[in-house]
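What follows is one structure encoded as structure tokens, with my remarks underneath.
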Amino acid sequence: MAYKKLNFGGQAFKDVLRFTIRHWGKQPSRIVGIVAVALLSAVTDVLTPLYAGRLVDALASGVTGKSAGWHAATTAFWLLATLGIVGTLLRQVVFMNLIALTLRMMSEIAADAFHKVQRFSTDWHGNSFAGSTVRKITRGMWALDLLNDTLLIALLPSLVMLVGATVLLGLHWAVMGVVVGVGSLLYITVTVALSLGFVAPAARLANAWDTRMGGALADAVSCNAVVKSFGAETREEARLSRVIGKWGHRTRRTWVRGTTNGGVQGGMLVIMQGAILGGAMLLWVNDRASVGDVTFALTMFFMLKGYLREVGMHVRNLQRSVNDMEELVTLEAQPLGVEDKRDAGPIRITEGDIRLENVTFFYGGHTTPLYKDFSLHIAPGERVGLIGHSGSGKTTLIKLIQRLYDIAGGRIAIDGQDIAQVRQASLRSQIAIVQQEPVLFHRSLGENIAYAKPGATRAEIERAARLASAHDFIASLPQGYDTLVGERGVKLSGGERQRVAIARAFLADTPVLILDEATSSLDSESEVLIQQAMERLMVGRTTLVIAHRLSTVRALDRLLVLDKGRIVEQGRHENLIRLENGLYRRLFERQALGLMNDVDEPDQPMQESGRSTDRFVGNPTLVTGQ
């Protein structure tokens, strides 16, 4: 998995930081303002202990009733009040700007990730869990919020406070400056080492199992109909339980390590507290420090202690946010697989003339090409059927024409335009496809049909539905075209989903049409309605039809019989059926035999019926039922 390529101590941190800085660069003035105001706020905290000590010295001198003493005390008081008010106002300014910065960044990151995922190749989507992908994006978005807080208003001001405290204490007493400086440096070093070397590896594995759990949940929920059909709820719960168990084990280890890290930090703070308090008392006993000086040291330490404790928390947060973002950053860095050329323009298809010229194509990782020097010409308006065994290359040919894959050699052109040189979205918007298993959005029927033509009127939608033989069943629904179809269209039958998909293709009104086994696994009535709709849809369009049920292609202009990426036979149905030992004839006879077995009496052998598949040669009506 991709997360194994990164580690917090090296490439992961660099990748996440580079990713974050790139997005900061879109709001440079806001970033500069946040950093500057946050640093000023930290300076007010650094100066507070100094004036607190001066106030105590003024009060302890016993001359508060005198003009000079009173003036010193009131001056220190108002300076402390001013520092408090200014610091509070500055922090409010920082927070308000940080809100605007982070919300814009999160929105951009979500939009960019969705943009990228939408354009990943077909192979990528086939190998990725949708739930896991969503989890990576959402977890990374929220991790950015924590990362911004940590880097901009936590770590940097904390470091300013530590440096300022060391300098101020060192100016008063060199030994105290050494204690604070060395102690703070040691504390930060141990904290970073524990976070990176002890907590981060466990957090990375916990995130990996968190992603896997999201994928397992989405997989089971989206396939709930299959789970129910096999009564497998308990089995799926047991399967998810194993994943949750692994996730819980990894997460528990991460939390335990984080807690241990916090305990070590707490112990180090206690040691520093003892050293600073002891040093201050010794200085006071030896008359090297006044009561105000001790107050200054104590106040500085307690503020320093809060900052040091927060530094430990900030380092843990930094580690956690990097771990949470690394999968999103890895996702963002992945190549699209099939990309538009930099200067790609739109394609304009008018005739639908399709040419494949010496095309060579490899599936990823394969050394033997599926297609090698493959050439094919499909004339404008020609209706072509693709026939062959599973794995013969029918569906791949369709995907190559849509440029869902890039070819290794040769050229594919539509109306003389190389599809590799044009924008993919422009190409696919002019090719309508009715899939074997059409997928519908969980939106209304009207919206699903109009997906092919945004802004279509209700009259246009209804006309397309009538042409697809879908209007009657839609009109019979209580909410008609406003009926929600459920996720992936699960509320509709297979035939109804097909007719909605055909209506969508009618509304698209493209010059090129692809029908991917659109009548498979349907009842007879639905098949008749869909075949009639498809015949209307094919009129005047260059059409490619993938068919396993050969009754759907017998009236097409030309049939291409594919075997292992080669065209082994081509011609019309009535010609191919007469080829001795032809592949098309064997496929046709096998389907005829299957149909006869269905209509024969169960206990009547074929040999006794006196029937032979030869009787169906040249008489396809008996096979098609038409």
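All values reported here derive from a predicted model rather than from experimental measurement.
With hydrogens and angles ignored, the 3.5 Å screen pairs no side-chain donor or acceptor of Arg585 with any backbone N or O of Asn581. The backbone N or O of Leu583 lies less than 3.5 Å from a partner atom in the side chain of Glu569, making a donor-acceptor pair. A distance-only check finds no donor-acceptor pair linking the side chain of Arg443 to the backbone of Leu484 [under 3.5 Å]. Side-chain N or O atoms of Arg558 include none that pairs as donor or acceptor with a backbone N or O of Arg383 at under 3.5 Å. When atom types are taken as modelled, the side chain of Gln417 and the backbone of Val422 share no donor-acceptor pair closer than 3.5 angstrom. Without hydrogens or angle criteria, Asp415 side chain to Thr350 main chain gives a donor-acceptor distance under 3.5 Å. At least one donor-acceptor pair under 3.5 Å links the side chain of Lys394 to the backbone N or O of His389. When atom types are taken as modelled, the side chain of Gln424 and the backbone of Val338 share a donor-acceptor pair closer than 3.5 angstrom. For Thr542 (side chain) and Gly381 (main-chain N/O), a donor-acceptor pair under 3.5 Å exists by modelled atom type.
Every side-chain contact (heavy atoms from CB on, under 4.5 Å) that Ala475 has, sequence neighbours left out, goes to His471. With sequence neighbours left out, the salt bridge (charged side-chain N to carboxylate O under 4.0 Å, His left out) criterion links Arg242 to no other residue. Partners of Phe19 under the ring-ring contact (aromatic ring centres under 6.0 Å, His included) rule, at least two apart in sequence or in another chain, are His23. Residues that satisfy the ring-ring contact (aromatic ring centres under 6.0 Å, His included) test with Phe374, not counting sequence neighbours, are Tyr371. Every residue meeting the side-chain contact (heavy atoms from CB on, under 4.5 Å) condition with Thr457, not counting sequence neighbours, appears here in chain and number order: Ala459, Glu460. Every salt bridge (charged side-chain N to carboxylate O under 4.0 Å, His left out) that Arg104 has, sequence neighbours left out, goes to Glu108. When the side-chain hydrogen bond (donor to acceptor under 3.5 Å, both in side chains) test is applied to Glu447, the partners found at least two apart in sequence or on another chain are Ser444. Remark: Arg411 pairs with Glu357 by the side-chain hydrogen bond (donor to acceptor under 3.5 Å, both in side chains) rule, at least two apart or across chains. Partners of Asn358 by side-chain contact (heavy atoms from CB on, under 4.5 Å), not counting sequence neighbours, listed by chain and number: Asp373, Ser375. A search for side-chain contact (heavy atoms from CB on, under 4.5 Å) contacts involving Lys564 returns nothing, not counting sequence neighbours.
Here the CD1-CD1 distance, from Ile431 to Ile347, works out to 7.5 Å after rounding to the nearest 0.5 Å. Atom CG of Leu587 and atom CD1 of Ile577 lie 9.5 Å apart (nearest 0.5 Å). Going from atom CE of Met325 over to atom CG of Leu17 covers 9.5 Å, rounded to the nearest 0.5 Å. Rounding to the nearest 0.5 Å gives a distance of 4.5 Å between CD1 of Ile407 and CD1 of Ile412. The CG atom of Leu537 sits 9.0 Å away from the CG atom of Leu467 when rounded to the nearest 0.5 Å. Interatomic distance, OG1 of Thr543 versus CD1 of Ile514, reported as 9.5 Å (0.5 Å rounding).
Counting heavy atoms from C-beta outward, Val384 and Val545 have side chains that stay 4.5 Å or more apart. Put simply, the side chain of Val500 reaches to within 4.5 Å of the side chain of Leu492, judged on heavy atoms. Counting only heavy atoms from C-beta outward, the side chains of Arg504 and Leu440 approach each other to under 4.5 Å. Using a 4.5 Å heavy-atom cutoff, the side chains of Glu496 and Ile474 are not in contact. Using a 4.5 Å heavy-atom threshold, the side chains of Gln402 and Ile433 count as touching. Counting heavy atoms from C-beta on, the side chains of His573 and Phe588 come closer than 4.5 Å. By the 4.5 Å heavy-atom criterion applied to side chains, Leu370 and Tyr363 are counted as neighbours. With contacts defined as side-chain heavy-atom distances shorter than 4.5 Å, the pair Met538/Leu515 qualifies.
Closest heavy-atom contact between Ala450 and Leu507: CA-CD2, 3.6 Å. Counting all heavy atoms, side chain and backbone alike, Ser426 lies closest to Ser429 at O-OG, 2.8 Å. The shortest heavy-atom contact between Ala503 and Ala464 is O-CB, 3.4 Å. Shortest non-hydrogen contact noted between Leu386 and Leu544 is CD1-CD2, 4.4 Å. Of all the heavy atoms in Ala465 and Ile449, the pair that sits closest is CB-CD1, 4.3 Å. The two residues Leu576 and Gly571 make their nearest non-hydrogen contact at CD1-O, 3.6 Å.
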Verdict with supporting geometry, Val16 and Leu147, side-chain contact (heavy atoms from CB on, under 4.5 Å): CA-CA 10 Å; Val16 171; Leu147 186 68; 3.9 Å; yes
Pair Leu400-Ile419, side-chain contact (heavy atoms from CB on, under 4.5 Å): steps then yes or no: CA-CA 10 Å; Leu400 292 180; Ile419 65 171; over 6 Å; no
Worked check of side-chain contact (heavy atoms from CB on, under 4.5 Å) between Thr483 and Leu477: CA-CA 7 Å; Thr483 302; Leu477 297 172; 3.7 Å; yes
Working for side-chain contact (heavy atoms from CB on, under 4.5 Å), residues Thr367 and Phe362: CA-CA 7 Å; Thr367 56; Phe362 295 82; 5.7 Å; no
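For Glu332 and Arg22, the salt-bridge test passes: some basic side-chain N is under 4.0 Å from an acidic carboxylate O. Using a 4.0 Å cut-off between charged nitrogen and carboxylate oxygen, Asp509 and Arg541 count as a salt-bridge pair. Salt-bridge annotation for Arg458 and Asp482: present, with a side-chain N of the basic residue lying under 4.0 Å from a carboxylate O of the acidic one.
Screening residues 448-469 for ring-ring contact (aromatic ring centres under 6.0 Å, His included), with sequence neighbours left out, gives Phe441-Tyr451. For residues 339-354, the salt bridge (charged side-chain N to carboxylate O under 4.0 Å, His left out) pairs, not counting sequence neighbours, are Asp340-Arg403, Asp353-Arg355.
Remark: Lys116 NZ is packed, more than 12 non-hydrogen atoms of other residues, nucleotides or ligands lying under 6.0 Å away.
A tilted orientation is assigned to the rings of Phe361 and Tyr405, their planes being inclined by 30° to 60°.
There is a side-chain donor-acceptor pair under 3.5 Å between Arg536 and Ser469.
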